[in-house]
4 protein chains.
Amino acid sequence: MANRMVKDKNDVADKQSRILQAARAEFAEKGFDGARVDSIAERAQANKQLIYYYFVNKDQLFTRVLEEAYRDKRQQEAALDLDRFPANEAILQLVDFTWHYYLKNPEFIRLLNSENQLKARHLQGLDSPVELNRSWIDITQGLLERGWRENNVRSNIAAMQLNITISALGFFYLINQSTLSIIYQTDLGEQSALDEHLRVMKECVAAWIRP
Amino acid sequence: MANRMVKDKNDVADKQSRILQAARAEFAEKGFDGARVDSIAERAQANKQLIYYYFVNKDQLFTRVLEEAYRDKRQQEAALDLDRFPANEAILQLVDFTWHYYLKNPEFIRLLNSENQLKARHLQGLDSPVELNRSWIDITQGLLERGWRENNVRSNIAAMQLNITISALGFFYLINQSTLSIIYQTDLGEQSALDEHLRVMKECVAAWIRP
Amino acid sequence: MANRMVKDKNDVADKQSRILQAARAEFAEKGFDGARVDSIAERAQANKQLIYYYFVNKDQLFTRVLEEAYRDKRQQEAALDLDRFPANEAILQLVDFTWHYYLKNPEFIRLLNSENQLKARHLQGLDSPVELNRSWIDITQGLLERGWRENNVRSNIAAMQLNITISALGFFYLINQSTLSIIYQTDLGEQSALDEHLRVMKECVAAWIRP
Amino acid sequence: MANRMVKDKNDVADKQSRILQAARAEFAEKGFDGARVDSIAERAQANKQLIYYYFVNKDQLFTRVLEEAYRDKRQQEAALDLDRFPANEAILQLVDFTWHYYLKNPEFIRLLNSENQLKARHLQGLDSPVELNRSWIDITQGLLERGWRENNVRSNIAAMQLNITISALGFFYLINQSTLSIIYQTDLGEQSALDEHLRVMKECVAAWIRP
DNA sequence: GATGAATGAGCCTTCATTCAT
DNA sequence: AATGAATGAAGGCTCATTCAT
């Protein structure tokens with residue numbers, strides 16, 4: 001019986017998580033307005049009303065998806081072990097990590113993008129939105145300070161500036177891949193193009209943080 | 001009568017342009033899916049059916065808005081006079097121009113963003129999408145080559161890479177302003193924050209292109 | 001062409017009025033909550049969305065139906081010619097008129113009933129709800145005053161009291177016909193029962209207003 | 001254990017009665033169609049499914065609520081002691097009782113009203129709906145007969161007519177309080193207005209039954 | 001060229017009810 | 001006895017688009 005209860009709980013958690021997963025995919029693909037609750041239900045192989053049962057409405061579902069996305073990124077960041085590198089190299093590792101996180105989780109940047117189109121109305125409803133990105137800020141802040149001590153990172157750089165710069169270079173390339181590929185008549189999604197862009201990003205950041 | 005015809009033509013051109021303007025605002029604000037044809041008609045103080053009369057449907061209207069947006073940017077770029085600067089400084093002028101163009105035309109980046117969410121399906125329908133960005137590519141290509149000759153720009157940088165880097169730093173900051181402001185608990189829209197970001201962008205690009 | 005325009009206007013007015021008629025029937029039959037917009041469209045043989053095109057939403061449609069119901073009653077009251085009767089008899093004529101109006105327009109009392117269940121939220125939104133019943137109040141007030149002069153109506157009766165008494169006796173009987181018929185195991189809808197009730201009402205009012 | 005069973009039975013009875021109470025409030029407030037099973041469960045602080053467990057469905061729940069409402073009224077009527085009054089005065093006592101019962105149990109008339117909107121479909125399903133109102137009929141019938149003997153009540157009045165007249169005057173005023181208050185621009189709910197209406201009702205009935 | 005009228009498809013959401021323990 | 005999970009049916013409303021003049 002204990003077993004069964006556990007199983008039930010898992011079933012519920014599983015179904016909720018299936019819905020969240022489906023919603024993440026749908027929202028990332030179509031944006032908030034373009035996403036269809038019906039489509040999410042179909043993707044999750046769940047009854048549509050179950051979505052409302054668990055998540056109340058489309059907006060709250062989106063909020064949950066956003067939170068989960070941030071949570072997942074935070075967890076992966078926590079697994080980073082950057083102490084073994086000198087600070088300046090560790091920062092380049094961050095560039096690397098960010099880029100590959102974006103590549104492996106293309107939904108993350110699209111969700112963020114969609115949320116920004118809605119003027120962050122979902123994030124605004126959260127209790128402590130700052131926590132979403134706390135680890136990220138802590139990591140860069142720590143690296144910068146270490147870099148100053150190690151004298152391998154320029155001193156007048158703020159954590160937010162570094163974060164934004166790192167994110168911007170990868171984010172822009174990926175989020176605008178469709179139009180850029182057309183305008184530059186190159187497939188920016190090809191592996192060689194991706195590799196080359198990573199190289200450029202690191203080159204750029206390295207040059208910038210050099211003391 | 002000739003007079004009247006001219007007047008009529010102007011009226012027609014005027015009404016079309018009012019619709020385009022209204023559409024640009026609506027699409028930029030709400031995205032393609034969030035935009036409402038009714039709302040565009042209202043903003044333009046035009047009959048809704050007139051929109052269909054002139055622009056066939058929502059998609060073609062969006063395409064026209066996009067084209068106009070690119071055209072406008074091209075025109076402003078054409079007015080740039082960068083020959084009087086050394087190449088490396090001219091590139092920083094480009095950073096400056098790009099940033100201020102984004103600031104003065106916030107709709108430009110939002111339209112691009114929306115188009116990317118739709119996987120550039122509107123651009124794909126164009127006859128010569130490359131032309132949209134031709135001048136921009138020509139300018140940076142020219143500057144890079146001049147920089148190599150003047151020996152004040154590093155030689156292994158491609159025009160596309162430079163373009164993307166310059167655009168990325170400004171674009172990311174502005175397009176994600178809502179969520180970033182929440183997460184970093186600072187108003188990124190304040191003048192001082194904007195100025196500071198411009199400084200960082202220039203610093204970053206300058207460091208990167210230095211030979 | 002003038003003809004055609006007139007015809008068109010009539011067509012539109014006709015369709016709107018068909019919708020209003022259908023709505024009145026549906027609302028009266030099922031109450032506001034029980035009424036279905038789909039059903040109204042069907043009754044009116046109109047496209048459902050046309051209802052929204054003309055009347056915005058279910059609530060505003062109900063408001064319009066209510067207004068029309070009051071308007072119609074007002075018009076019929078205006079056609080009453082009570083001057084030829086002594087005041088006390090004229091008041092009994094009012095009982096008669098009210099009763100027959102209720103009988104011929106069973107929807108009127110049901111609409112009012114439904115509106116009261118909703119705490120008059122539709123009437124509250126009107127600009128001058130008092131006007132709805134103005135003529136009715138004027139008529140009774142006039143009759144009472146004349147009755148005092150003619151000395152055939154008791155003097156300490158207010159217009160509102162008379163109105164309410166007259167309405168109450170007929171309204172209660174008709175609105176509760178279903179349950180009353182069951183409880184008293186008689187068909188209160190039979191002609192003889194209706195006639196008898198009219199007699200009782202007149203008897204009651206006559207006794208009450210006697211000086 | 002016996003104790004526990006008793007306790008449990010009470011608990012069950014209590015929970016059923018809490019549900020009935022909640023349902024009565026909800027049905028009275030919103031009408032049958034406007035009422036929500038969820039809302040009833042919430043008001044009763046009971047699991048929604050429990051409602052179905054005890055009462056099968058919304059209709060049967062409503063039926064039970066109606067029955068309870070009638071039962072309660074019957075019980076209060078049984079407590080009336082009208083023998084000490086002359087018949088004509090006793091009838092005025094009935095007017096008084098009815099009015100105060102309506103005032104203290106506003107749900108009663110609203111439930112009846114809702115049931116009539118549904119064409120008494122719940123009452124129709126009862127085994128002996130006549131019993132619901134038996135005592136009321138018996139009382140008035142008795143009073144009328146006594147009044148004839150005492151020669152203080154007119155002879156050609158039927159019990160049903162008296163009942164309806166008494167109920168109508170109070171019922172109409174209260175059930176239509178919202179719209180009447182708006183149309184007559186007076187708060188009919190004020191104590192003075194209520195008192196005045198009771199006076200009018202008694203005046204009217206007294207005049208009517210006078211031999 | 002211009003416009004009010006009209007519509008089909010679909011969207012988010014609600015609600016009474018049932019399932020499964 | 002009691003409850004959380006789940007669902008089919010529908011309901012009000014929206015929206016891009018077309019009709020008809």
Side-chain angles (χ1 to χ4, degrees), chain A residues 1 4-5 7-9 11-13 15-16 19 33-41 46-61, chain B residues 8-9 11-12 15-16 32-41 46-61, chain C residues 1 4-5 7-9 11-13 15-16 19 32-41 46-61, chain D residues 5 8-9 11-12 15-16 32-41 46-61:
Chain A
M1 206 157 85
R4 204 182 326 155
M5 279 189 63
K7 195 162 170 288
D8 287 354
K9 272 187 189 168
D11 280 1
V12 168
K15 205 145 210 176
Q16 290 199 3
I19 291 173
D33 284 316
R36 299 290 162 244
V37 176
D38 274 287
S39 178
I40 292 170
N47 182 283
K48 180 168 56 154
Q49 285 60 29
L50 202 54
I51 296 177
Y52 289 91
Y53 183 66
Y54 284 131
F55 300 100
V56 180
N57 60 28
K58 196 183 177 184
D59 275 287
Q60 294 197 34
L61 176 58
Chain B
D8 285 354
K9 273 186 189 169
D11 280 2
V12 168
K15 205 146 207 176
Q16 290 202 3
F32 182 81
D33 283 315
R36 301 289 164 244
V37 176
D38 273 290
S39 178
I40 293 170
N47 182 281
K48 180 166 56 157
Q49 173 61 1
L50 205 53
I51 295 176
Y52 287 91
Y53 184 70
Y54 285 137
F55 300 98
V56 179
N57 60 27
K58 196 183 177 184
D59 275 286
Q60 294 198 34
L61 176 58
Chain C
M1 207 157 84
R4 204 181 325 156
M5 281 190 61
K7 195 164 171 287
D8 287 355
K9 275 189 188 167
D11 279 2
V12 168
K15 205 146 211 175
Q16 291 200 3
I19 291 172
F32 182 81
D33 283 316
R36 298 291 162 244
V37 176
D38 275 287
S39 178
I40 292 169
N47 183 283
K48 180 168 57 154
Q49 284 61 29
L50 202 55
I51 295 177
Y52 290 92
Y53 183 66
Y54 284 131
F55 300 98
V56 180
N57 59 28
K58 197 183 176 184
D59 274 287
Q60 294 197 34
L61 176 58
Chain D
M5 281 190 62
D8 287 354
K9 272 189 190 168
D11 280 2
V12 167
K15 206 147 209 179
Q16 289 202 2
F32 182 80
D33 283 316
R36 300 290 164 244
V37 176
D38 274 289
S39 179
I40 292 170
N47 183 281
K48 181 166 56 156
Q49 174 60 2
L50 206 53
I51 295 176
Y52 288 91
Y53 185 70
Y54 285 137
F55 301 99
V56 179
N57 61 25
K58 195 183 177 183
D59 275 287
Q60 294 197 34
L61 176 58

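Only this structure's heavy atoms are used, side chains among them; waters, hydrogens and symmetry mates stay out. Numbers restart at 1 for each chain; the letters A, B, ... are given by sequence-line order, proteins then strands. From a predicted model like this one, the values you see are computed outputs, not experimental measurements.
- One atom, CD1 of A/I51, and another, P of F/dA5, lie 16 Å apart when rounded to the nearest Å.
- One can place CG of C/N47 at 13 Å from C1' of F/dC15, the figure rounded to the nearest angstrom.
- Counting only Watson-Crick or G-U wobble pairs whose defining distances are both under 3.5 Å, the stems of 3 or more consecutive pairs in DNA chain F are E:2-21 with F:2-21.
- The residue B/A46 sits apart from the nucleic acid: no heavy atom pair falls under 4.0 Å.
- Contacts of D/N47 classified as side-chain hydrogen bond (donor to acceptor under 3.5 Å, both in side chains), with partners at least two apart in sequence or in another chain: none.
- The CG atom of B/D33 sits 15 Å away from the P atom of E/dG10 (whole-angstrom rounding).
- Computed from coordinates, the D/F32 CZ to E/dA16 P distance equals 8 Å when rounded to whole Å.
- Applying the side chain to side chain contact (heavy atoms under 4.5 Å, CB included) rule to D/Y54 yields the partners D/V12, D/Q16, D/I19, D/L50; only residues at least two apart in sequence or on another chain are considered.
- For C/N57, the side-chain hydrogen bond (donor to acceptor under 3.5 Å, both in side chains) criterion is met by no residue, not counting sequence neighbours.
- Within the 4.0 angstrom heavy-atom criterion, no nucleotide atom of any strand lies near D/A41.
- For the pair A/D38 CG and F/dA9 C1', the computed distance is 13 Å after rounding to whole Å.
- In terms of position along DNA chain F, the nucleotide closest to A/Q49 lies nearer the 5' end than the nucleotide closest to the other residue of the pair B/K48 and A/Q49.
- Among residues at least two apart or in separate chains, salt bridge (Lys or Arg N to Asp or Glu O under 4.0 Å) pairs with a member in residues 32-41 of chain B are B/D38-B/K48.
- Rounded to an integer number of Å, the gap from CG of B/L50 to P of F/dA16 is 17 Å.
- Near DNA chain E, meaning a heavy atom under 4.0 Å from it, residues 52-61 of chain A has A/Y52, A/N57, A/K58 in order of number.
- Side chains of D/L61 and D/Y52 form no contact here, defined as non-hydrogen atoms less than 4.5 Å apart.
- For the pair A/R36 and E/dC12, the criterion of a side-chain N or O lying under 4.0 Å from OP1 or OP2 is met.
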